There are 2 protein chains.
Amino acid sequence: MDRAAEDLTARARIRDAAIRLFGERGIEGASIRDIAAEAGVSSGLVRHHFGSKEALRDACDHYAKDRMIQIGAELTQNGDLTGLDPLTLHPIAFPLQLYIVRSMMDGSETATALFLEGVDAVEDWTVSYGINPKDRRGYAAALAAIKLSVFILRDQVSKALGEDITTLEGYNRIGQALMEVFTIPLLTPEQIRRSEEK
Amino acid sequence: MDRAAEDLTARARIRDAAIRLFGERGIEGASIRDIAAEAGVSSGLVRHHFGSKEALRDACDHYAKDRMIQIGAELTQNGDLTGLDPLTLHPIAFPLQLYIVRSMMDGSETATALFLEGVDAVEDWTVSYGINPKDRRGYAAALAAIKLSVFILRDQVSKALGEDITTLEGYNRIGQALMEVFTIPLLTPEQIRRSEEK
DNA sequence: TACTTGACTACACGATCGTGTAGTAGTTTG
DNA sequence: CAAACTACTACACGATCGTGTAGTCAAGTA
């Protein structure tokens with residue numbers, strides 16, 4: 001994804017092109033012929049390497065999941081951030097996130113499993129962080145969904161901001177805005193108490 | 001949408017079926033033949049009434065937008081809530097929201113305009129409510145996107161909760177979880193200050 | 001050298017898509 | 001009564017889709 005296209009094997013180029021086009025246009029919106037053209041190969045080669053469109057999506061699912069987990073692991077161990085500054089990380093991680101969300105919407109089990117693992121992680125995190133919502137599972141699910149919302153509606157959010165959020169600058173802006181959503185309490189304790197009485 | 005199907009004109013049944021199927025499967029995922037079958041008419045009649053698939057989506061866009069605005073207006077004037085209790089409102093509004101989000105993702109200008117109007121409304125609301133984020137526009141855009149995220153990821157969120165959020169009970173649960181996200185400050189003021197120093 | 005294997009292309013297939021055309025039945029209108 | 005119009009169906013069209021088949025070419029191997 002980060003290396004020059006001509007240095008990659010045809011199989012890798014097909015997979016990268018599939019992740020890119022699937023993520024941008026949706027699974028149904030990107031044909032095998034589109035992906036083959038994007039990768040610079042024949043459509044038959046896509047079938048030769050992956051068997052079917054479904055199997056291609058499966059391969060993309062597992063690759064994207066592994067890459068995201070790998071990136072997450074490298075990010076958490078703060079000691080070694082070699083080559084993981086935002087400027088190089090963003091162009092790699094953003095298309096992966098985009099693809100995963102699209103695959104989720106298409107009903108992929110692998111992508112959905114990744115979402116469920118994310119909810120589990122957020123749930124554990126609320127415990128260790130001392131956050132005690134009344135509905136912890138619901139809270140974690142909402143937080144996980146929110147993290148993905150800007151990817152899905154990136155065109156609309158970009159238009160609302162007058163700034164492309166697929167760029168690093170735009171992405172950082174909406175990321176900080178999301179942080180403000182999480183840190184500014186919308187309701188006063190008094191209002192919360194009153195809404196509970198109803 | 002709420003009346004018995006046999007009491008509606010064929011045109012209305014086609015439109016309702018289109019909103020339902022477009023919302024569930026996406027624009028590309030629902031064919032004109034599918035919609036015609038769902039409405040109990042021939043595929044030719046869809047074309048007769050709406051001209052093309054694009055024009056059908058346009059008609060659905062405007063209908064959904066008008067209905068949502070109408071519902072919103074009836075909800076805000078608290079005096080008259082005739083027939084607008086959640087039990088009857090939910091089955092009407094939920095498919096409309098689902099469709100609007102799908103249409104947005106498909107690049108519909110009408111649906112995107114509705115999103116931008118929503119962002120404007122949230123922005124105005126933060127002003128009158130005394131909420132002052134550093135990036136007010138970004139804050140409003142994030143909040144508007146969040147409101148729609150659970151519709152898109154409804155299958156994943158439902159699976160995470162073990163409860164179908166398309167039902168009124170499930171929808172209320174995730175709605176309250178979202179409220180908790182907005183009301184529980186994630187970071188302490190100390191942590192916010194520290195993150196700003198970086 | 002002869003054989004096998006894997007990467008790769010060209011091409012044809014049936015299905016499905018949106019769309020176009022022709023025509024029927026019932027109602028309205030002059 | 002005849003013409004016109006509207007709601008509606010049946011059917012065929014070209015395009016595109018995922019897929020299947022056959023074959024080329026280069027590299028490895030016995």
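Bear in mind that the values here come from a model prediction, so they are computed numbers and not experimental data. Letters go in sequence order (proteins before strands), and every chain restarts at 1.
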Checklist entry - Hey, is the main chain of A:K134 close enough, under 3.5 Å, to the side chain of B:E180 for a donor-acceptor pair? => result yes

For the pair [X] and [Y], find out whether any cationic side-chain nitrogen is under 4.0 Å from an anionic carboxylate oxygen.
X: A:K159; Y: B:E109; result: no
X: B:R57; Y: B:D106; result: yes
X: A:R173; Y: A:E163; result: yes

Checklist entry - Taking protein heavy atoms under 4.0 Å as touching, what does nucleotides 3-9 of chain C look like 5' to 3' if B marks base contact, S marks sugar-phosphate-only contact and - marks none? => result ----BBB

Checklist entry - Taking the six-membered ring of B:Y63 as reference, does the NZ or CZ atom of B:R15 fall below 6.0 Å from its centre and within a 45° cone about the axis? => result yes

Item to check | Sequence-distant partners of B:H90, ring pair (Phe, Tyr, Trp, His ring centres under 6.0 Å), two or more places apart | outcome: B:F94, B:Y171

Measure all distances between protein nitrogen or oxygen atoms and nitrogen or oxygen atoms of nucleotides 15-18 of chain C, and list the pairs falling under 3.5 Å.
| residue | atom | partner | partner atom | Å |
| --- | --- | --- | --- | --- |
| C:dG18 | OP1 | B:K53 | NZ | 2.6 |
| C:dG18 | OP2 | B:I32 | N | 3.1 |
| C:dG18 | N7 | B:R33 | NH1 | 2.8 |
| C:dG18 | O6 | B:R33 | NH2 | 3.0 |

Next on the checklist: Could you report the tightest heavy-atom contact between A:A55 and A:F50, atom names first, then the distance?
Outcome noted: CB-O, 3.0 Å

